[in-house]
2 protein chains.
Amino acid sequence: MAEAETKRFDVIFEGVGRATGKMRNDITVRFDTMDETFELATDEGGFHGGDGTAPPPLALFTAALTGCIMTQIRAFSKRLKIPIGQVEVKARLHWEGTQVGREPYVTAPVGFDLDIDLDSEASEADQHRLLAAAKTGCFIEQTLAQGLQVGHRLKIGEAWQDA
Amino acid sequence: MAEAETKRFDVIFEGVGRATGKMRNDITVRFDTMDETFELATDEGGFHGGDGTAPPPLALFTAALTGCIMTQIRAFSKRLKIPIGQVEVKARLHWEGTQVGREPYVTAPVGFDLDIDLDSEASEADQHRLLAAAKTGCFIEQTLAQGLQVGHRLKIGEAWQDA
């Protein structure tokens with residue numbers, strides 16, 4: 001049997017964020033490969049000094065994770081020929097913050113959980129197989145699973161410094 | 001000197017996602033602590049079998065990460081009394097996918113980079129100090145830095161199974 005060909009592809013998203021309202025950020029997101037541009041925004045509610053004109057970053061994050069796994073479930077359902085019905089996913093994302101005196105608080109994840117109803121007539125084994133494929137195909141879950149140190153540079157005067 | 005008090009707080013976001021259009025997902029995100037609800041959606045472009053009615057999950061993710069660090073920069077600028085101007089952040093998020101034959105592809109992060117211009121008259125040391133606080137206060141960056149195995153349950157018949 002001939003060995004199956006292995007293909008590698010890059011997925012690159014670029015964002016440009018600008019502070020606009022009191023706590024609002026307007027972020028233009030570019031997906032160059034597909035020549036697509038998306039205008040997004042985040043804000044905070046009044047309790048955090050914002051005007052509530054857009055969802056907070058963690059709401060976008062929750063939707064991104066939920067949408068990512070759902071998208072891969074549907075994409076791979078076709079590819080693996082495992083039929084699904086009206087897919088519903090419930091996500092619960094739990095973080096904690098710790099603050100000493102008036103210092104800026106420090107954050108950490110506690111646990112993220114996804115309850116997935118594929119509404120499928122497929123066998124139990126096939127449903128597990130589809131979810132396993134969706135997990136390893138979900139860019140966001142794989143990033144969380146592997147962990148990642150984000151790189152930072154700060155513009156000081158006209159020069160960029162690692163930060 | 002009296003020891004500063006340590007406070008701990010929970011931040012919990014819950015999402016309910018429903019598959020609607022061909023690749024569209026509608027996701028209701030609930031932030032119970034603040035009694036806030038956000039209606040969000042993801043879709044894919046035509047190349048991936050969607051209708052392009054909403055940004056893809058990775059666009060929401062890019063905006064979430066960019067907005068998260070920007071929000072904490074502004075929140076902690078006040079707290080640390082380090083003045084900032086028109087903050088601009090450029091984000092570049094790079095993933096790769098690997099596909100063997102017609103198998104579902106497997107994903108992995110390659111690198112995420114944030115270029116941050118605080119537009120600040122503060123000293124170099126103070127700007128680095130502010131960014132350091134924003135990084136440890138950014139729920140999303142800390143989640144990425146620590147890594148996290150997302151928990152999954154599948155509904156098989158009327159029972160929930162770990163998956």
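Being a predicted model, the structure only gives us computed values, none of them experimental. Proteins get letters first, then strands, A, B, ... in listed order; numbering begins at 1 in each.
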key: Flag for B:Asn25-A:Thr66: side-chain donor and acceptor within less than 3.5 Å   = no
inquiry  = Rounded at 0.5 Å granularity, tell me how far CD in B:Gln149 sits from NZ in A:Lys135.
reply    = 9.0 Å
task = Please state whether the side chain, the backbone, both or neither of B:Val11 comes within less than 4.5 Å of a heavy atom of chain A.
result = both
request  = Measure A:Glu36 against the heavy atoms of chain B and call it side chain, backbone, both or neither at under 4.5 Å.
outcome  = side chain
remark   = Bottom line for B:Lys22: the part with an atom under 4.5 Å from chain A's heavy atoms is backbone
task = Pick one of side chain, backbone, both or neither for A:Leu144, based on which atoms fall under 4.5 Å of a heavy atom in chain B.
result = both
key: Passing option when A:His152 is tested against B:Leu114, B:Asp115, B:Asp113 for side-chain contact (heavy atoms from CB on, under 4.5 Å)   = B:Leu114
request  = Start with the C-alpha gap between B:Leu148 and A:Phe112, add the side-chain angles, then the distance that decides, and say whether side chain to side chain contact (heavy atoms under 4.5 Å, CB included) holds.
outcome  = CA-CA 8 Å; B:Leu148 182 77; A:Phe112 296 177; 3.1 Å; yes
ask   = Is there a donor in the side chain of A:Gln161 and an acceptor in the side chain of B:Gln127, or the other way round, less than 3.5 Å apart?
value = no
Interface moiety of A:Phe47 toward chain B, non-hydrogen atoms closer than 4.5 Å = side chain
key: Segment of B:Thr20 engaging chain A (4.5 angstrom heavy-atom cut-off)   = backbone
inquiry  = Please classify the contact of B:Ala134 with chain A as side chain, backbone, both or neither, using a heavy-atom distance under 4.5 Å.
reply    = neither
query = In terms of heavy-atom proximity below 4.5 Å to chain B, should A:Glu103 be classed as side chain, backbone, both, or neither?
reply = backbone
key: 4.5 Å side-chain heavy-atom contact, B:Phe31 and A:Pro55   = no
task = Could you look at B:Leu40 and say if it's the side chain, the backbone, both or neither that has a heavy atom under 4.5 Å from chain A?
result = side chain
task = Give, as side chain, backbone, both or neither, the part of B:Thr6 having an atom under 4.5 angstrom from any heavy atom of chain A.
result = both
request  = With side chain to side chain contact (heavy atoms under 4.5 Å, CB included) as the test, would you mind laying out the steps for B:Lys90 and A:Glu14 before giving the verdict?
outcome  = CA-CA 7 Å; B:Lys90 289 191 181 166; A:Glu14 292 176 292; over 6 Å; no
query = Given that the side chain runs from C-beta out, which part of B:Asp162 has a heavy atom under 4.5 Å from chain A: side chain, backbone, both or neither?
reply = backbone
inquiry  = Is B:Arg8 in contact with chain A via its backbone, its side chain, both, or neither, using a 4.5 Å heavy-atom distance?
reply    = both
query = Side chain, backbone, both or neither: which part of B:Met23 has a non-hydrogen atom closer than 4.5 Å to chain A?
reply = both
message = At a 4.5 Å cut-off on heavy atoms, which part of B:Trp160 comes close to chain A: side chain, backbone, both, or neither?
response = side chain
key: Working for side chain to side chain contact (heavy atoms under 4.5 Å, CB included), residues B:Phe61 and A:Phe139   = CA-CA 10 Å; B:Phe61 182 84; A:Phe139 293 90; over 6 Å; no
ask   = For B:Leu80, is it the side chain, the backbone, both, or neither that has a heavy atom closer than 4.5 Å to a heavy atom of chain A?
value = side chain
inquiry  = Please check this pair: side chain of A:Thr143 against backbone of B:Ala108, looking for a donor-acceptor N/O pair closer than 3.5 Å.
reply    = no
CD1 on A:Ile156 to NE2 on B:His128, rounded to 0.5 Å = 4.5 Å
task = Show the numbers, then the answer: is there a side chain to side chain contact (heavy atoms under 4.5 Å, CB included) between B:Tyr105 and A:Phe76?
result = CA-CA 9 Å; B:Tyr105 57 77; A:Phe76 295 155; 4.2 Å; yes
ask   = Where on B:Glu124 is there a heavy atom nearer than 4.5 Å to chain A: the side chain, the backbone, both, or neither?
value = both
key: Atom group of B:Gln99 that falls short of 4.5 Å from chain A, counting heavy atoms   = both
note = Under 4.5 Å to a heavy atom of chain B? For A:Arg18 that would be both
inquiry  = Does any backbone or side-chain atom of A:Ala41 lie under 4.5 Å from a heavy atom of chain B? Answer side chain, backbone, both or neither.
reply    = neither
ask   = How long is the span from the OG1 atom in B:Thr62 to the CZ atom in A:Arg30, to the nearest 0.5 Å?
value = 13.0 Å
Enclosure of A:Gln146 CD (heavy-atom neighbours >12, cutoff 6.0 Å) = yes
message = If I measure from the heavy atoms of chain A, does B:Leu131 come under 4.5 Å with its side chain, its backbone, both, or neither?
response = side chain
